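Here the structure comes first, spelled out in structure tokens, and everything after it is commentary.
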Amino acid sequence: QAPKIVFTPIHGTGAVAAVPSLWEHGVQVATVDEQNKPDPNFRTVASPNPENPEALEHGIAVARKTKATAVLASDPDGDRIAFVASRMDRDSDEYRSSIWVVDVAGEAPRQFTSGERRDRSPRWSPDGRWLAFTSVRGEDDEAQLYLMAADGGVGQRLTGLELGAPFGVGGLVWAPD
């Protein structure tokens with residue numbers, strides 16, 4: 001069965017290439033109608049960047065209505081998208097998630113992380129060379145911060161939080177420098 005996702009360009013140009021590319025690869029796509037047309041004023045969001053959780057609120061609402069498994073959002077130029085795909089591991093009775101990347105120029109989506117447990121919150125670096133994400137791997141019970149080159153490889157663990165740490169990893173945002 002083809003995956004079902006929600007896509008929003010957040011008023012940028014990403015839908016022009018992304019939606020047909022996803023269809024071409026057999027993905028069922030629902031769009032966020034109120035964010036689907038380019039709008040230089042980005043009227044439904046304070047910031048059009050998918051790194052900002054509030055920018056995804058409309059997409060999450062559509063996902064709940066359509067029972068989609070993922071929400072994809074592109075930044076205003078929309079050339080490449082990172083997304084999280086989840087599945088149920090019936091043996092462990094846990095959800096597993098992995099990060100996938102698709103170049104909207106026509107390449108097939110490729111699995112970026114292994115998803116051995118839970119990989120989430122992908123965030124492109126401002127220069128597009130790195131992808132930061134959170135992951136629960138191995139025997140860890142707490143999400144850790146990882147960094148991986150945009151062309152793939154092995155994720156480098158950047159944090160070592162222990163279970164019950166007062167502050168976890170979340171709300172990833174790159175510094176603008």
Side-chain angles (χ1 to χ4, degrees), residues 1-90 93-126 128 131-136 143 148 150 152 170-174:
Q1 180 176 334
K4 186 174 194 176
I5 63 100
V6 172
F7 177 80
T8 178
I10 316 176
H11 300 297
T13 61
V16 173
V19 172
S21 178
L22 290 162
W23 285 337
E24 189 175 300
H25 290 94
V27 177
Q28 296 178 46
V29 181
T31 58
V32 179
D33 293 338
E34 61 269 29
Q35 294 180 334
N36 211 29
K37 291 183 181 175
D39 176 359
N41 297 317
F42 306 106
R43 63 182 160 55
T44 65
V45 294
S47 169
N49 294 316
E51 292 85 3
N52 300 324
E54 69 91 22
L56 301 178
E57 289 175 359
H58 291 277
I60 292 167
V62 172
R64 287 186 179 129
K65 288 179 189 172
T66 62
K67 299 190 179 356
T69 58
V71 175
L72 280 68
S74 61
D75 60 357
D77 69 356
D79 61 347
R80 186 174 44 182
I81 301 165
F83 65 96
V84 175
S86 298
R87 65 178 172 77
M88 173 55 94
D89 181 340
R90 301 213 188 282
D93 195 33
E94 287 187 63
Y95 279 99
R96 307 287 188 211
S97 57
S98 56
I99 297 171
W100 289 70
V101 173
V102 62
D103 181 326
V104 298
E107 293 178 19
R110 65 182 170 95
Q111 190 168 352
F112 194 74
T113 65
S114 66
E116 68 180 66
R117 290 196 54 206
R118 289 180 300 279
D119 298 336
R120 296 184 176 151
S121 305
R123 303 290 189 261
W124 291 111
S125 64
L131 190 69
F133 59 96
T134 62
S135 183
V136 177
M148 189 181 297
L172 303 178
V173 178
W174 284 88

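When reading the values below, keep in mind they use all heavy atoms of this one structure, side chains included, and skip hydrogens, waters and symmetry mates. From a predicted model like this one, the values you see are computed outputs, not experimental measurements.
Under a 3.5 Å cut-off, the side chain of Arg120 and the backbone N or O of Val136 do not form any donor-acceptor pair. The main-chain N or O of Ser114 is found under 3.5 Å from a side-chain atom of Gln111 such that the two form a donor-acceptor pair. The backbone N or O of Lys4 sits less than 3.5 Å from a side-chain atom of Thr69, completing a donor-acceptor pair. In terms of modelled atom types and a separation under 3.5 Å, the side chain of Thr31 and the main chain of Asp33 share no donor-acceptor contact.
How far OG of Ser97 is from CZ of Arg117: 10.5 Å, rounded to the nearest 0.5 Å. The line from CH2 of Trp100 to CG of Leu72 is 12.0 Å long, rounded to the nearest 0.5 Å. Distance check: Leu22 CG to Phe7 CZ gives 7.0 Å after rounding to the nearest 0.5 Å. Phe133 CZ to Ser98 OG: the interatomic distance, rounded to the nearest 0.5 Å, is 10.5 Å.
Using a 4.5 Å heavy-atom cutoff, the side chains of Asn36 and Pro9 are in contact.
Residue Arg64 qualifies as open at atom CZ: its count of foreign heavy atoms under 6.0 Å is 12 or below. The environment of Arg90 atom CZ is sparse: at most 12 non-hydrogen atoms of other residues, nucleotides or ligands sit within 6.0 angstrom.
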Stepwise side-chain hydrogen bond (donor to acceptor under 3.5 Å, both in side chains) check, Ser135 with Asp119: CA-CA 4 Å; Ser135 183; Asp119 298 336; 2.4 Å; yes
Test log, rule side-chain hydrogen bond (donor to acceptor under 3.5 Å, both in side chains), inputs Gln35 and Thr8: CA-CA 6 Å; Gln35 294 180 334; Thr8 178; 2.6 Å; yes
Steps toward side chain to side chain contact (heavy atoms under 4.5 Å, CB included) verdict (Arg43, His11): CA-CA 8 Å; Arg43 63 182 160 55; His11 300 297; 3.7 Å; yes
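The minimum heavy-atom distance linking Val29 with Trp23 is given by the pair CB-NE1, 3.6 Å. The minimum heavy-atom distance linking Val62 with Ala30 is given by the pair CG1-CB, 4.2 Å. Between Ala55 and Val45, the closest heavy-atom pair is CA-CG1, 3.8 Å. Considering every non-hydrogen atom in both Asp39 and Asn41, the closest pair reads OD1-N, 2.8 Å. Taking both residues in full, the closest heavy atoms of Val6 and Gly59 are given as CG1-O, 3.7 Å, listed atom of the first, atom of the second, then distance.
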